[in-house]
Amino acid sequence: MEGIEHRMVSVNGINMHIAEKGEGPVVLLLHGFPELWYSWRHQISALASHGYRAVAPDLRGFGDTDAPPSPTSYTAFHIVGDLIALIDLLGQDQVFVVGHDWGAWIAWYFCLFRPDRVKALVNLSVAFYPRNPLAKPLDQMRAALGEDYYICRFQEPGDIEDVFARFGTASVLKRFLTSREPAPFYLPKNKEFRDSPNGEISLPSWLSEEDINYYANKLDMKGFTGGLNYYRALDLNWELMAPWTGVQVKVPVKFVVGDLDLVYNTLGAKQYIHGGGFKRDVPFLQDVVVMEGVGHFLNQERSDEINTHILDFIQRF
């Protein structure tokens, strides 16, 4: 954490917190849910030591960045707009982008909307999925996975926030960050985590109580609603993205995923990634790496290996 600088910037009508370190070409690091800039703590230092300027924002709705209350303020256009304003403020024509989880999803949109601003992309965990013009995403998820599927449970404002409040922020974070079941994630009503709120959860070697406390203290300031609003804007995004139906992602891409990742093991992801669909939709996809025995939060679980994957790829450009 030594040498990481923090500041607030004004972008796209909101106040955004960014963490940054290093000098050189900018690498923009985009975190997921329920996370913060802090998820990239290992990557920030590694990139800075190799001649890059690592910039990790708290995305809209997270951490010290503003969190508008309405889901309609969390479309891809809002989030990508925040990031374009950020790189303008940094004085950059082009940046490298690294995304994970929702950050990866946003990075795909970033490359669809403004490929001219991206030198290359390293995305973790979440592959690109083309828009299906025949069905909204939530309809597809409910039909395939049911109402207890976690994204479906996230939809009703206040519902899952009440569940999380009952378990406590630190406890919820431990359950998310330590989950390693390679299957769709369910939160059945009144049985959300299959144990009592007081159930003990042991942490893996890559995650400390200090890490959990950092996340929890920040999340307790604003709650989970900002992050949940990304999920609540899914169908709105689908409507707004109609003009991009069938558009390919045309930037150089490396994709890395763990074989125990719940996303990799849901809704035909493996077949899409390895069966030709991914390469069809992302024609400049250069590398696909599947890490064995690794879960969803791979940039923290296997930080050294992820650092190497990122550096090996961006040093080509």
Side-chain angles (χ1 to χ4, degrees), residues 11-12 18 22 24-32 40 43-44 46-47 50-57 59 75-131 230 237 240-257 263-264 269 272-290 298-299 306-317:
V11 295
N12 198 27
I18 63 172
V26 169
V27 183
L28 189 62
L29 301 159
L30 308 179
H31 68 79
W40 299 109
Q43 286 72 43
I44 291 170
L47 288 162
H50 284 81
Y52 293 92
R53 182 182 179 187
V55 179
L59 295 177
T75 70
F77 297 99
H78 289 88
I79 314 301
V80 174
D82 298 343
L83 299 173
I84 292 293
L86 173 60
I87 64 175
D88 284 346
L89 184 143
L90 296 172
Q92 303 297 309
D93 292 327
Q94 283 193 316
V95 296
F96 294 106
V97 180
V98 181
H100 170 252
D101 189 79
W102 259 108
W105 203 312
I106 294 302
W108 293 122
Y109 286 132
F110 194 126
C111 293
L112 278 179
F113 300 159
R114 295 303 304 270
D116 59 308
R117 306 302 297 271
V118 182
K119 291 180 186 175
L121 168 66
V122 180
N123 252 354
L124 312 178
S125 181
V126 178
F128 177 73
Y129 292 100
R131 180 182 184 273
Y230 285 67
N237 261 328
L240 296 172
M241 288 297 296
W244 281 266
T245 303
V247 174
Q248 296 172 311
V249 174
K250 290 190 174 179
V251 304
V253 174
K254 180 174 189 172
F255 178 71
V256 187
V257 68
V263 182
Y264 184 59
Y272 173 74
I273 290 167
H274 302 295
F278 196 12
K279 180 67 174 176
R280 176 197 65 222
D281 297 326
V282 186
F284 302 143
L285 177 66
Q286 297 188 15
D287 299 314
V288 173
V289 178
V290 180
L298 65 174
N299 51 321
I306 293 299
N307 295 345
T308 299
H309 282 306
I310 294 169
L311 286 161
D312 282 351
F313 190 62
I314 66 176
Q315 285 170 350
R316 300 177 194 176
F317 302 94

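Everything numeric in this text was worked out from a predicted model, so none of it was measured. FYI, side chains are in, hydrogens and waters are out, and symmetry mates aren't considered; it's all heavy atoms of this structure.
- When side chains are defined from C-beta on, L47 does not count as touching V98, because their heavy atoms never get closer than 4.5 Å.
- Taking 4.5 Å as the limit, every side-chain heavy atom of H31 sits out of range of all side-chain heavy atoms of N299.
- At a threshold of 4.5 Å between non-hydrogen side-chain atoms, the residues L121 and W108 count as touching.
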> How far apart are the C-alpha atoms of H309 and L124, what are their side-chain angles, what is the distance that settles it, and do they pass the side chain to side chain contact (heavy atoms under 4.5 Å, CB included) test?
Replying inline: CA-CA 10 Å; H309 282 306; L124 312 178; over 6 Å; no
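- Using a 4.5 Å heavy-atom threshold, the side chains of P57 and L86 count as touching.
- Although no hydrogens or angles enter the test, the distance criterion places no donor-acceptor pair under 3.5 Å between the side chain of K250 and the main chain of P283.
- The closest side-chain heavy-atom distance from K119 to I314 is not below 4.5 Å.
- Within the 4.5 Å cutoff, the side chain of Y230 has heavy atoms near those of the I79 side chain.
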>> Please evaluate residues I87 and F110 with respect to the criterion side chain to side chain contact (heavy atoms under 4.5 Å, CB included), reporting the C-alpha separation (whole Å), side-chain torsions for both, the decisive distance (0.1 Å), and the verdict.
In response: CA-CA 12 Å; I87 64 175; F110 194 126; 4.0 Å; yes
> Could you go step by step and tell me if W105 and W102 meet the ring pair (Phe, Tyr, Trp, His ring centres under 6.0 Å) rule?
Replying inline: CA-CA 5 Å; W105 203 312; W102 259 108; 4.9 Å; yes
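- One finds the OG1 atom of T245 at 4.0 Å from the CZ atom of R131 (value rounded to the nearest 0.5 Å).
- Residues A46 and L311 share a closest heavy-atom pair of O-CD1, 4.5 Å.
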> L59 and L83: side chain to side chain contact (heavy atoms under 4.5 Å, CB included), yes or no, with the steps?
Replying inline: CA-CA 9 Å; L59 295 177; L83 299 173; 4.0 Å; yes
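- Residues D101 and G32 come closest through the heavy atom pair OD2-CA, 3.5 Å.
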>> Would M241 and F77 count as a side chain to side chain contact (heavy atoms under 4.5 Å, CB included) here? Give the steps.
In response: CA-CA 9 Å; M241 288 297 296; F77 297 99; 4.2 Å; yes
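- Taking the six-membered ring for Trp and thresholds of 30 and 60 degrees, Y52 and F96 have ring planes more than 60 degrees apart, a perpendicular arrangement.
- Ring centroids of W244 and Y109 are separated by 6.0 Å or more, keeping the two rings apart.
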